There are 2 protein chains.
Amino acid sequence: MKFEVTILGSSSATPIFNRNPTSQVLNINERLLMIDCGEGTQQQMLRYGIKYHKIEHIFISHLHGDHFFGLVGLISSMNLNGRKRPLHLFGPEKLMDILNIQFEHSDTHINFPIEFKAVKPGSAELIFETHDFTVETIPLNHRISCSGFIFKEKQRLRKVLKDKIAELEIPANYVPLLKKGIDFTDKNGKVHKAMDLTIEADEPKAYAYCSDTVCDWTYINQIYHVDTLYHEATFMHDMVDRAKATFHTTCQEAGEVAKKVGAKKLLIGHFSARYRDLSPLLIEARSVFPETYLANEGETFVI
Amino acid sequence: MKFEVTILGSSSATPIFNRNPTSQVLNINERLLMIDCGEGTQQQMLRYGIKYHKIEHIFISHLHGDHFFGLVGLISSMNLNGRKRPLHLFGPEKLMDILNIQFEHSDTHINFPIEFKAVKPGSAELIFETHDFTVETIPLNHRISCSGFIFKEKQRLRKVLKDKIAELEIPANYVPLLKKGIDFTDKNGKVHKAMDLTIEADEPKAYAYCSDTVCDWTYINQIYHVDTLYHEATFMHDMVDRAKATFHTTCQEAGEVAKKVGAKKLLIGHFSARYRDLSPLLIEARSVFPETYLANEGETFVI
């Protein structure tokens, strides 16, 4: 199953040095989900070949402009492109007011349903679920209400051993039963154990998105053993006081969180405009957690 | 005196093919004025080296998103960059409501004054004036209230002939009087005619910005003899019915307006996303008005 994330923006607050404000697109088994939507996200989608109409779900972490100023334009463009299918939008309660006032005064009629679900501030809740994954909010601690999100694959059924299926001429419609552990009896009455005809499915994977937050460790229970952790890392650690004052995290702290929770991979982003060269930020995070990568625009990471 | 316009966006409705939604920056004698501010305008400013803090006046023609979705982000970035000087903003009445709801819910405190002047729909009025130029609105005919703008240099004083000034040893503090036409009497009592010591100043120039409008000729009285005319040209003329239905103009029509008013130069822009190659649009406008240019991103035109 495909499970990967493409970075559309890595800048904090303001676009700079060819870095765009925050946005990411998750591909879970060819279902595309957007996380945050800073200004210029639709231009980034054009640049990296992500079609507007493929996005069905958008998750907005909080109402600082660098995380949502691109949303009204993206929705307008979806509308102009003739979208009819619903868009599922999750975010702070006031987000719809902000969109609606702009649609109203520009006499824009959105011709597809926007199914909006207000995210409760401060609570960890399951906000979306399909047959193969779930999305939960992660309460973060920022200047204004802010929620991270954790995307978890569900435990999958066992995988069949194709050569054994062929050898025993097991009918295709029996395969789902085998995956569920039901043994197979052949025409001679011999019982073949499901466990012998199948192997364990891959471990379900999880992606956690922690943006923007002071590093106060309150949220780590929800992200233990996550495969890939995206964590904001606005500053280097020599500016930890500034990070705390502005409710942000340093690269060192992001590394410490990833290490503590036993993540397999850490992506850092939301870089302050003060850093043109990001390599010192990467070195700092890697000094704590070696499997760290910069969440650079246009890069895709397999979860 | 410098009088030129730099194009930051030439796309209509939605960004596409590396074309951004509408925005332009006028430089009138090193004073920078922005006209419209589609999404991604601040990124375009970074790309073309236009500093946020140099913009003192912004004119928004109407509330379709491709003309203003970048404004809230630009103002936020000005704020983050520590701006203290006032920003003078002209546009439709509801524009401030749209900005304010976003500042409010994002807990953003803008630390410089925004001096907002609501533009009256449907009336041609003088909305801004300095010692050397004026700005008037041009009522246009679009789906929603829309104003164009005309920027006119004022008639300047005559220019002195420097060699004659030196020859007659005319004191520097007399030069402003000469420019106003007051004759000079030398120490021998001889009168030197101001007209002989000066020449006519350059003709004052004007730039008209006509975005977005159906080509109904109602607005041409205000733009006669403009030096450079920017006119939207969303479609080619084979789509004139679509242009009329959507209250837009064709390239041929834009050429006809420029010809009718005796403009010296025509810039066309606001191109529909249906056109990847713009050369047929240029050819069509030039077939009517040869001095036509595409308002391409990053290009600067001297008025």
Side-chain angles (χ1 to χ4, degrees), chain A residues 9 11-21 37-47 52 62-81 91-108 142-146 246 272-273, chain B residues 9 11-21 37-47 52 62-81 91-108 142-146 246 272-273:
Chain A
S11 185
S12 71
T14 172
I16 199 155
F17 310 136
N18 280 327
R19 302 200 297 257
N20 239 56
C37 187
E39 183 181 354
T41 293
Q42 56 174 327
Q43 282 97 327
Q44 294 290 84
M45 294 173 75
L46 285 171
R47 189 166 292 135
Y52 304 154
H62 66 302
L63 290 184
H64 280 156
D66 53 327
H67 295 257
F68 83 91
F69 281 165
L71 185 60
V72 65
L74 176 59
I75 291 175
S76 298
S77 290
M78 287 172 165
N79 196 45
L80 286 163
N81 285 3
E93 191 189 351
K94 294 296 179 185
L95 182 58
M96 272 317 297
D97 294 352
I98 291 171
L99 294 176
N100 283 334
I101 190 177
Q102 296 184 82
F103 296 145
E104 180 193 335
H105 294 316
S106 61
D107 198 25
T108 299
H142 195 44
R143 289 205 308 286
I144 60 174
S145 287
C146 182
T246 56
S272 163
Chain B
S11 185
S12 70
T14 173
I16 198 156
F17 311 136
N18 279 326
R19 301 199 299 256
N20 239 56
C37 187
E39 182 179 354
T41 292
Q42 56 174 328
Q43 284 96 327
Q44 293 290 84
M45 294 173 76
L46 286 171
R47 189 165 293 136
Y52 303 155
H62 66 301
L63 290 183
H64 280 154
D66 53 326
H67 295 257
F68 82 92
F69 280 165
L71 184 61
V72 65
L74 176 59
I75 291 174
S76 299
S77 290
M78 287 172 165
N79 195 48
L80 285 162
N81 285 4
E93 192 188 350
K94 294 297 179 185
L95 181 59
M96 272 317 296
D97 294 351
I98 290 171
L99 294 175
N100 284 333
I101 190 175
Q102 296 183 81
F103 296 145
E104 180 194 334
H105 294 316
S106 60
D107 197 27
T108 299
H142 195 43
R143 289 205 307 285
I144 60 175
S145 287
C146 182
T246 56
S272 164

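Small disclaimer: the values here were computed from a predicted structure and weren't measured.
- For chain B, the nearby part of A:T41 is the backbone; its heavy atoms alone come within less than 4.5 Å.
- One finds the CZ atom of B:F69 at 4.0 Å from the OG atom of A:S76 (value rounded to the nearest 0.5 Å).
- When the candidates B:P15, B:A13, B:A273 are compared by the number of heavy-atom contacts under 4.5 Å with chain A, B:P15 comes out ahead.
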Let me have the donor-acceptor pairs involving side chains of residues 91-102 of chain B, under 3.5 Å, with sequence neighbours excluded, atom names and distances please.
residue	atom	partner	partner atom	Å
B:N100	ND2	B:M96	O	3.2
B:Q102	NE2	B:I98	O	3.1

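- Contact count against chain A (heavy-atom pairs under 4.5 Å) is highest for B:G70 among B:G70, B:G65, B:G38, B:P21.
- Neither the backbone nor the side chain of B:F103 comes within contact range of chain A; no heavy atoms are under 4.5 Å apart.
- Contact tally against chain B (heavy-atom pairs below 4.5 Å) for A:V72, A:D107, A:L46: the top residue is A:V72.
- At distances below 3.5 Å, at least one donor-acceptor pair connects side-chain atoms of A:R19 with backbone N or O atoms of A:S272.
- Using a 4.5 Å heavy-atom cutoff, the side chains of B:M45 and B:L74 are in contact.
- Ranked by heavy-atom pairs shorter than 4.5 Å toward chain A, the options B:R47, B:Q43, B:H64 are led by B:Q43.
- No more than 12 heavy atoms of other residues, nucleotides or ligands sit less than 6.0 Å from atom CG of B:N18.
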